[in-house]
Amino acid sequence: MTKDLKRVFLEELRSVKSMTDLSHLRVKYLGRKGIITLELRSLSSISPADRPAAGKKITSIKQFIEAEFAVVESILKREELQRELQANCIDVTLSGKFVPFGRQHPISRMLSEITDIFVTMGFGIEEGPEVESDYYNFESLNIPKDHPARDMQDTFYINDDMVLRTHTSPVQVRVMEKARPPLMIIVPGKVYRRDADITHTPMFHQIEGLMVDRGITFSNLKGVLEAFLYHLFGPDTPVRFRPSFFPFTEPSAEVDIGCILCGGDGCNVCKGSGWVEILGAGMVNPVVFENVGYDTEEFSGFAFGMGVERIAMLKYSIDDIRLFFENDIRFLRQF
Ligand code: FA5
């Protein structure tokens, strides 16, 4: 009977093909109502004299069956793993799929390049709102309502008192209202104007600069701007300061650099002059200092504001400012 049981068990074990088959067979032999379990239970009906020998036999069969189960289980598990590995196998020799990737917009690149130069010189970075009050955008900067100076910067009005800011200069006032000199800041941001041609767009970026302390002179302004332009365009680019007018600076200047597109010979971008205006600057008008409560006898300072797109046009030799905003991928890919 013992031999028969083992033989029958081994035959059944041979037909096991999966973990499910194996678990069914385990229940059949070792489960609560399994063949071996019943055999062990029936020992109580055997005479006490024969019981130890019968018990030993059935226990040894049980151990045999358990050992066989363990062997078959480990074989099945290995086969399963093999199958899984084959199904999920990755061919590392296959060529990769092309994933298109983006890059920084040339204006964002220009903004970081310019801010980096000023941060290296020790300037801090400040920001302000794009929807600005008439007071900060104009009046605090010595541009009263109905003054002709407003024509230089016509803008989009939200209502009588709120405008889309025309320059980053209002942030100067906001910062000076809160902090005492010494001050050394730059203000990057978007500005808006009623303008549109090959060198003007209705939205563009400016970077404002402001330095206030005791004893600041026009020489400091020239030194900072020349150092900046030297870093950005190299030592051979011609730079010139031209007298100009801004209500919030006195004296005021506009700074031009030699037109890189035509090498100074005259083209559409420089309108034949060989020079392109890139920024406005000057010594802060005492009226602005009075508006923020600074003592004009004690402090002086300079300010400047540059057009980022204009600088990018020269840096990358672009002859139409609108190309930056058309977002033609063939144009953007070149940067
Ligand atoms: C101003 O905006 C003054 N706030 C600058 C300033 C700051 C002067 C501090 C003194 C002290 P202006 O209007 O010239 O100035 O503009 C500054 C620069 O912005 C110009 O030199 C030009 O490079 C650029 N710019 C002006 N209008 C446009 C436009 N519509 N599109 C693109 N760039 C422009």
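Predicted model only: the values in this text are computed from it and were never measured. Side-chain atoms are counted along with the backbone in the values below, which use heavy atoms only and exclude waters and symmetry mates.
With rounding to the nearest 0.5 Å, the separation of CZ in Phe302 from CZ in Phe218 is 10.0 Å. In this structure, Ser140 OG and Gln172 CD are separated by 8.5 Å, a value rounded to the nearest 0.5 Å. For the atom pair CD of Glu309 and CG of Leu323, the computed distance is 12.0 Å after rounding to the nearest 0.5 Å. One distance of note links CD1 of Ile207 with CG of Leu279; it measures 10.5 Å at 0.5 Å rounding. Put simply, CG on Leu225 and CE on Met306 are 6.5 Å apart, with the number rounded to the nearest 0.5 Å. If you take CZ on Phe335 and CZ on Phe324, they are separated by 5.5 Å, rounding to the nearest 0.5 Å.
In this structure, Ser317 and Ile260 approach most closely via the heavy-atom pair OG-CG2, 4.1 Å. The two residues Glu126 and Val175 make their nearest non-hydrogen contact at CG-CG2, 3.8 Å. Here the closest heavy-atom approach between residue Pro188 and residue Glu127 is recorded as O-CG, 4.2 Å. Between Gly31 and Thr37, the closest heavy-atom pair is O-OG1, 2.5 Å. Nearest heavy-atom pair across Ala303 and Leu210 is CB-CD1, 4.2 Å. Minimum heavy-atom separation, Leu141 to Pro170: CD1-N, 3.9 Å.
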Walk me through it: do Asp197 and Thr199 pass the test side-chain hydrogen bond (donor to acceptor under 3.5 Å, both in side chains)? CA-CA 6 Å; Asp197 61 36; Thr199 53; 3.3 Å; yes
Check against side chain to side chain contact (heavy atoms under 4.5 Å, CB included), Ser133 and Asp161: CA-CA 6 Å; Ser133 69; Asp161 285 321; 6.0 Å; no
Test side chain to side chain contact (heavy atoms under 4.5 Å, CB included) applied to Val8 and Tyr29, step by step: CA-CA 11 Å; Val8 171; Tyr29 281 86; 3.8 Å; yes
List the steps, then state whether side chain to side chain contact (heavy atoms under 4.5 Å, CB included) holds for Lys62 with Leu40. CA-CA 10 Å; Lys62 188 183 177 200; Leu40 284 167; 4.2 Å; yes
Side chain to side chain contact (heavy atoms under 4.5 Å, CB included), that's the test. Do Lys77 and Met19 meet it? Break it down for me. CA-CA 8 Å; Lys77 271 193 181 155; Met19 292 297 277; 4.1 Å; yes
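A cation-pi arrangement is absent between Lys145 and Phe138 under the rule of less than 6.0 angstrom and at most 45 degrees off the ring axis.
The cluster map of Ile, Leu, Val, Met, Phe, Trp and Tyr, joined by side-chain heavy atoms under 4.5 Å apart, puts Ile36 and Val27 in different clusters. Transitive grouping of hydrophobic side chains (ILVMFWY, heavy atoms separated by less than 4.5 Å) keeps Val171 and Met203 in distinct clusters. Criterion: ILVMFWY side-chain heavy atoms under 4.5 Å apart, direct or through other members. Under it, Ile216 and Val292 are not part of a common hydrophobic cluster. Both Leu221 and Ile278 are members of a single hydrophobic cluster when ILVMFWY side chains are connected at heavy-atom separations under 4.5 Å. One hydrophobic cluster, built from ILVMFWY side chains closer than 4.5 Å, holds both Phe331 and Leu261.
Pairs engaging residues 274-294 under the side-chain hydrogen bond (donor to acceptor under 3.5 Å, both in side chains) rule: none recorded [sequence neighbours left out]. Residue pairs meeting the ring-ring contact (aromatic ring centres under 6.0 Å, His included) criterion with at least one member in residues 151-205, sequence neighbours excluded, are His167-Phe248. Pairs engaging residues 237-264 under the salt bridge (Lys or Arg N to Asp or Glu O under 4.0 Å) rule: Arg240-Asp256, Arg242-Glu254, Arg242-Asp256 [sequence neighbours left out]. Each salt bridge (Lys or Arg N to Asp or Glu O under 4.0 Å) pair with one or both residues in residues 18-30, not counting sequence neighbours, appears once here: Glu12-Lys28, Arg26-Glu73. Legend: salt bridge (Lys or Arg N to Asp or Glu O under 4.0 Å) pairs involving residues 79-105, not counting sequence neighbours: none detected. Among residue pairs with one or both ends in residues 162-187, those qualifying as salt bridge (Lys or Arg N to Asp or Glu O under 4.0 Å) are Glu132-Arg174; sequence neighbours excluded.
Considering only residues two or more places apart in sequence or on other chains, Val131 meets the side chain to side chain contact (heavy atoms under 4.5 Å, CB included) condition with Ile158, Met162, Leu164. Arg322 pairs by the side chain to side chain contact (heavy atoms under 4.5 Å, CB included) definition with Ile198, Thr201, Asp320, Glu326, not counting sequence neighbours. Residues satisfying the side chain to side chain contact (heavy atoms under 4.5 Å, CB included) test with His147, not counting sequence neighbours, are Pro144, Ala149.
Enclosure of atom CD in Gln334 by more than 12 non-hydrogen atoms of other residues, nucleotides or ligands within 6.0 angstrom is indicated. Atom NZ of Lys315 is surrounded by more than 12 heavy atoms from other residues, nucleotides or ligands within 6.0 Å.
Looking only at side-chain heavy atoms (C-beta outward), Asn327 and His105 come within less than 4.5 Å of each other. Taking 4.5 Å as the limit, every side-chain heavy atom of Phe289 sits out of range of all side-chain heavy atoms of Asp295. Between Val308 and Gln206, the closest side-chain pair of non-hydrogen atoms is not below 4.5 Å. The shortest side-chain heavy-atom distance between Leu314 and Arg310 does not fall under the 4.5 Å cut-off. You'll find the side chain of Glu139 reaches within 4.5 Å of the side chain of Asp134, heavy atoms only. Side-chain contact check for Ile185 versus Val187: some heavy-atom pair is nearer than 4.5 Å. Proximity of Leu5 to Phe9: side-chain heavy atoms (C-beta onward) are nowhere separated by under 4.5 Å. The side-chain heavy atoms of Phe123 and Met211, taken from C-beta on, include a pair separated by under 4.5 Å.
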Could you list the donor-acceptor pairs under 3.5 angstrom formed between side-chain atoms of residues 108-118 and any protein atom two or more places apart in sequence or on another chain?
residue : atom : partner : partner atom : Å
Ser112  : OG   : Ser108  : O            : 2.9
Thr115  : OG1  : Leu111  : O            : 2.8
Thr115  : OG1  : Ser112  : O            : 3.1

Per-pair distances, 0.1 Å, donor-acceptor, side chain in residues 226-236, under 3.5 Å, sequence neighbours excluded:
none

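Without hydrogens or angle criteria, Thr155 side chain to Arg193 main chain gives no donor-acceptor distance under 3.5 Å.
Under the side-chain hydrogen bond (donor to acceptor under 3.5 Å, both in side chains) rule, Thr166 has a single partner from Asp154, Asn137, Asp195, which is Asn137.
Hydrophobic side-chain contacts under 4.5 Å tie Ile75 into a cluster, directly or through other members, with Val71.
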